[in-house]
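Each remark here refers to the structure printed beneath this line.
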2 protein chains.
Amino acid sequence: MDVKTVCLGILNFGDASGYEIKKALEEGPFAHIHAASYGSIYPALNALSAQGYAECRQMTQDKRPDKKIYSITDAGRRALQESLLVTPAPDSFRSDFLFILFFAELLPPDRLAELIDQRIAWYRENLERMEQCNLESPGHSFVHGMGQAIYRAAAEYLERNRDQVLENPTVDDSGKETTTALAG
Amino acid sequence: MDVKTVCLGILNFGDASGYEIKKALEEGPFAHIHAASYGSIYPALNALSAQGYAECRQMTQDKRPDKKIYSITDAGRRALQESLLVTPAPDSFRSDFLFILFFAELLPPDRLAELIDQRIAWYRENLERMEQCNLESPGHSFVHGMGQAIYRAAAEYLERNRDQVLENPTVDDSGKETTTALAG
DNA sequence: GGTTGCATGTAAATGGTTACATGATTGT
DNA sequence: ACAATCATGTAACCATTTACATGCAACC
C-alpha cells in the first residue's frame, strides 16, 4: 500500500489538500495506520492527477498561502476499490523502544524508568484524543476501536510491570560467557 | 535503529550467523520488533566486522553449507550500549489490513469476514507460539509480555466486534456528496 | 524578535527490499 | 520429481525521508 493509494483513500473520505492529508495521517482519522512525509505526498498527488484518479482546483486564500484542493474522480474510486481487494501485505512494524527495552539490563535504571513513563504518557495522551473523536463510518469506528483497545492494553501492561522490571538488579555482564540462545 | 545495530544487539545475546539472525528476527525472540532481509543483514555483518564491532570465524559443516559465525567484540558491546542510550525514534507502523478495514463499507462482506478471520487466526497462532517460549533475560520477558498483551487485546477486539461490522449494510455511495471531514 | 502554523514543492541521500546466483541435503 | 531448509552474497531497484527553498500571518 503505497502513499498514492493512501492519498486516494483519504480523498475518498472528502476533498483535501496535501497539507490536510498530512494532518489526517498524523492527528486525524488515519493516525497510526500509515505515516507519510510531504516529500512523498505532493508527488503522489501529482501522479494521481496525471493518471486521472484525482482532480485539482486552485484556491486563493485570504491571509493564507494558496491551496490545491484535490477531489477523487470516478476512475479514482474504481482504482481504490480494486486496490482494497488485493491481499494486504503483512503489517510492518519497527520499534526502537521495544528493541531498547530488550536490553533492559544494560540500561541505567533511571533511564529505563524515563523511557517507560514517557511511553505510558504517550499512550494515555493518544487514548484521550481518540475518545473525543467523531466517527464517520463503520470502518472508521472499527479501526478506531481496535487502536484504542491495543493502546489501552499496552499502557496497562507498562503500568503493571514497570516496577518489576525496574527492581531487577542490573546484571554485570563482565566475564559472562555468551552462548547461542536464539531459538524459540 | 538500523539493521547494523539490530544485528549487534542479537550478537550480544549470543554468537550467530546471518542466517540465524534472520530466523531470530522472524520466529525467534526478536520477532515483530524489527524485520530485515538477507540483503541488509549480510552487508551489515560485513560492516560490523570491518568496524571491529564483530569477529567472524568460518565453520565448515558436514552435509550443510559453510557457516560464518559472528561474535560481538568489546568495542561492539560499547557501541551497542551507546546506541541504546539515544532517544528512540518513534515506532514506525504500517498496516494494509487496518487501511483496508477503514473502507469496510466498500468491501464485499464475505471478503471482510475472511480478512478479519485470517487476522484473528494470525494473532492466536502467534500467542500460542509465544506462550511456549523460554525467556532468557528480564528485558526479554518484559518485551515478550507486552507483545502478548497487545496481541491478546487485538484478537479479543476482533472477535468481539467481528459480527457488528459485518452486519452493517454496505453503503451504496452513488450520488453521495463528498464533504471534507478529516479533522479530529 | 522568535516560533509556530499554513502551504507547496524539489533534489539528493538513505536505507532498505527484490531478484538473482549457487548448491547440497532432506523430506514428500 | 519437487519443494523446503540450510547457507552466503551482490546488484539493481524502490519508496520514502531529509534537507532545502520560499514566504506570509499570528501569537507570545
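First the proteins, then the strands, lettered A, B, ... as listed; each starts at 1.
Evaluation of the side chain to side chain donor-acceptor pair (under 3.5 Å) test over residues 37-47 of chain A, restricted to residues two or more places apart or in two chains, returns none. Within the structure, ring pair (Phe, Tyr, Trp, His ring centres under 6.0 Å) pairs that include any residue of residues 46-73 of chain B do not occur (at least two apart or interchain). Counting only residues at least two apart or on different chains, the ring pair (Phe, Tyr, Trp, His ring centres under 6.0 Å) pairs with a member in residues 105-131 of chain B are His32(B)-Trp122(B), Trp122(B)-Tyr151(B), Tyr123(B)-Tyr151(B).
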Donor-acceptor pairs are to be reported for all side-chain atoms of residues 110-117 of chain B against protein atoms at under 3.5 Å, with residues two or more places apart or in another chain.
{"from": "Arg111(B)", "atom 1": "NH1", "to": "Glu114(B)", "atom 2": "OE1", "distance (Å)": "2.9"}
{"from": "Asp117(B)", "atom 1": "OD1", "to": "Arg162(B)", "atom 2": "NH1", "distance (Å)": "2.6"}
{"from": "Asp117(B)", "atom 1": "OD2", "to": "Arg162(B)", "atom 2": "NH1", "distance (Å)": "2.6"}

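Nucleotide dG5(C) holds its P atom 12 Å from the NZ atom of Lys22(A), rounded to whole Å.
Of the candidates dT10(C), dT8(C), dT17(C), dT8(C) carries the atom nearest the Lys68(A) side chain, counting heavy atoms from C-beta on.
Of all nucleotides in DNA chain D, those with any atom nearer than 4.0 Å to a heavy atom of chain B start and finish, going 5' to 3', at dT5(D) to dT17(D).
Taking the salt bridge (charged side-chain N to carboxylate O under 4.0 Å, His left out) definition, one finds that Arg160(B) meets it with Glu156(B), sequence neighbours left out. In this view, Arg119(B) and Asp91(A) satisfy the salt bridge (charged side-chain N to carboxylate O under 4.0 Å, His left out) rule, not counting sequence neighbours.
Defining each end axis of the helix from dG1(C)-dC28(D) to dT28(C)-dA1(D) as the rotation carrying four pairs' C1' atoms onto the next four, with five pairs an end, the two axes are found to diverge by 50° to 10 degrees.
Hydrophobic cluster membership for Leu85(A): none, as no Ile, Leu, Val, Met, Phe, Trp or Tyr side chain comes under 4.5 Å of it.
Here Gly18(B) lies in heavy-atom contact (under 4.0 Å) with sugar-phosphate atoms only.
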